[in-house]
Amino acid sequence: LVDCIALCSEQLYEHYRALVDIFRESMRGVLAYRAEDGLFYQVIDHPETEGNYTETSGSAMIAYSLLKGVRIGVLDAEKYLPIALDVFEKLVANKLRAEEDGVVRLTDICWVAGLGPDKNPQRDGSVAYYLSEPKKSDDSKGVGPFIMAYSEYLRVSGNMKQDIQAVRDLANSFPADTSASDVRDAVQMKAQELGLDGIDVAQYARKTPARDERGIRKTGLIRTETG
């Protein structure tokens, strides 16, 4: 979903906003299920079930989604960047382990799971079924998302929070009668200068403030809430 958002043209505004809304709702929802170790269970809503465990590939995909969502500007950096960084760092701390042969491997990856077909009644979608599937180390279904999350981690860690604030400050520094296109162009140039080339400019650019029939100031494109 976050990859589709990054590729979706803002000219498809209604569709773009629909994807962003679904993504934000998904991230808020999934974060409610974080385990004590900062990751996410194989059966995410049954943490109390014996044999349930925090699974690596799913946790890595969530870390990637959070990190990229922050980087492209559809998740609020102040709120979500610390969480996103922590999820990935907990993944490294808890799931990269030295095994018996001394080699460090990415562990606790569900090897395979699915539903049906009818000729395989074992795949019945039950909690017991999902916990019966074997766990593997260094399986591609976990290593791939882990690498993707790490690439985003490298891009957003460090000074990104300050860089995003610099973009916000620039957008809000223009006189009220500055055109939206001029603000957008300036914000885009600043974002590229700071290495935020994938940023959602519409989240930071603003257009001339207006007032509604009650005299209340409208915000136009000004960034108000992204969580």
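For this chain, numbers begin at 1 and follow the sequence in order. Values below: every heavy atom of this structure, side chains too, minus hydrogens, waters and symmetry copies.
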Do Thr49 and Tyr41 pass the side-chain contact (heavy atoms from CB on, under 4.5 Å) test, and can you show the C-alpha distance, the side-chain angles, and the key distance before you say yes or no?
-> CA-CA 10 Å; Thr49 301; Tyr41 280 100; over 6 Å; no

Salt bridge present between Asp185 and Lys190 (N-O < 4.0 angstrom) = no

Indicate if Met148 and Tyr80 have the same hydrophobic cluster label, given that clusters are the connected sets of ILVMFWY residues with side-chain heavy-atom separations under 4.5 angstrom.
-> yes

Separation between CG of Asp21 and CZ of Phe23, rounded to the nearest 0.5 Å | 12.0 Å

Under the side chain to side chain donor-acceptor pair (under 3.5 Å) test, residues paired with Asp139 that sit two or more places apart = Lys141

Evaluate the criterion side-chain contact (heavy atoms from CB on, under 4.5 Å) for residue pair Tyr53 and Lys135; output intermediate values, then yes/no.
-> CA-CA 10 Å; Tyr53 62 98; Lys135 294 179 285 185; 3.4 Å; yes

Gap between atom CZ of Arg155 and atom CD1 of Ile72 - 0.5 Å precision | 10.5 Å

Applying the 4.5 Å side-chain criterion to the ILVMFWY set and letting contacts propagate, would Leu66 and Tyr33 be lumped into a single cluster?
-> yes

For Glu152, what residues pass the salt bridge (Lys or Arg N to Asp or Glu O under 4.0 Å) criterion, not counting sequence neighbours?
-> Arg71

Just one of Thr178, Asn172, Asp177 clears the side-chain contact (heavy atoms from CB on, under 4.5 Å) bar with Phe174, so which one?
-> Thr178

Does Met61 belong to the same Ile/Leu/Val/Met/Phe/Trp/Tyr cluster as Val74, with side-chain heavy atoms less than 4.5 Å apart forming each link?
-> no

OH of Tyr150: more than 12 outside heavy atoms within 6.0 angstrom?
-> no

Evaluate the side-chain proximity of Leu67 to Leu85: yes if any heavy-atom separation is below 4.5 Å, no if none is.
-> yes

Heavy-atom check, side chain of Val30 versus side chain of Met27, under 4.5 Å | yes

Given side chains that start at C-beta, do those of Val156 and Lys68 come closer than 4.5 Å, heavy atoms only?
-> no

The residue among Asp37, Thr107, Asp108, Thr56 that forms side chain to side chain donor-acceptor pair (under 3.5 Å) with Lys95 is Asp108

Assert yes or no for the condition that the ring centre distance of Tyr64 to Phe88 is strictly below 6.0 Å.
-> no

Worked check of side-chain contact (heavy atoms from CB on, under 4.5 Å) between Ser132 and Gln122 = CA-CA 10 Å; Ser132 72; Gln122 179 188 3; 3.9 Å; yes

Out of curiosity, Lys136 NZ to Leu106 CG, how far, rounded to the nearest 0.5 Å?
-> 14.5 Å

Hey, are the side chains of Arg123 and Glu133 touching, using non-hydrogen atoms and a 4.5 Å cut-off?
-> yes

Could you grab the distance from atom NZ of Lys79 to atom CG of Leu31, nearest 0.5 Å is fine?
-> 9.0 Å

Pair listing, salt bridge (charged side-chain N to carboxylate O under 4.0 Å, His left out) test, anchored in residues 54-67, at least two apart = none

So, do Asp45 and Val43 sit near enough that their side-chain heavy atoms are less than 4.5 Å apart?
-> yes

Is Ile83 reachable from Leu154 through a run of hydrophobic residues whose side-chain heavy atoms are each under 4.5 Å from the next?
-> yes

For Tyr153 and Glu89, run side-chain hydrogen bond (donor to acceptor under 3.5 Å, both in side chains): C-alpha distance rounded to whole Å, both residues' side-chain angles, the deciding distance at 0.1 Å, then the answer.
-> CA-CA 9 Å; Tyr153 180 86; Glu89 289 164 2; 2.6 Å; yes

Rounded to the nearest 0.5 Å, the CG atom of Asp3 sits from the OG atom of Ser65 at a distance of 7.5 Å

Do side-chain atoms of Ser126 reach the backbone of Tyr129 as a donor and acceptor pair under 3.5 angstrom?
-> yes

Using the side-chain contact (heavy atoms from CB on, under 4.5 Å) rule, take Asp86 and Arg34 through it: C-alpha gap first, then chi angles, then the decisive distance, then the call.
-> CA-CA 11 Å; Asp86 187 61; Arg34 280 189 82 187; 2.8 Å; yes

Quick one: pull up OG in Ser57 and CD in Gln42 and give me the separation to the nearest 0.5 Å.
-> 7.5 Å

Any chance CD of Glu14 has more than 12 other-residue heavy atoms, nucleotides or ligands included, within less than 6.0 Å?
-> no

Is Leu12 reachable from Leu1 through a run of I, L, V, M, F, W or Y residues, each pair having side-chain heavy atoms under 4.5 Å apart?
-> no

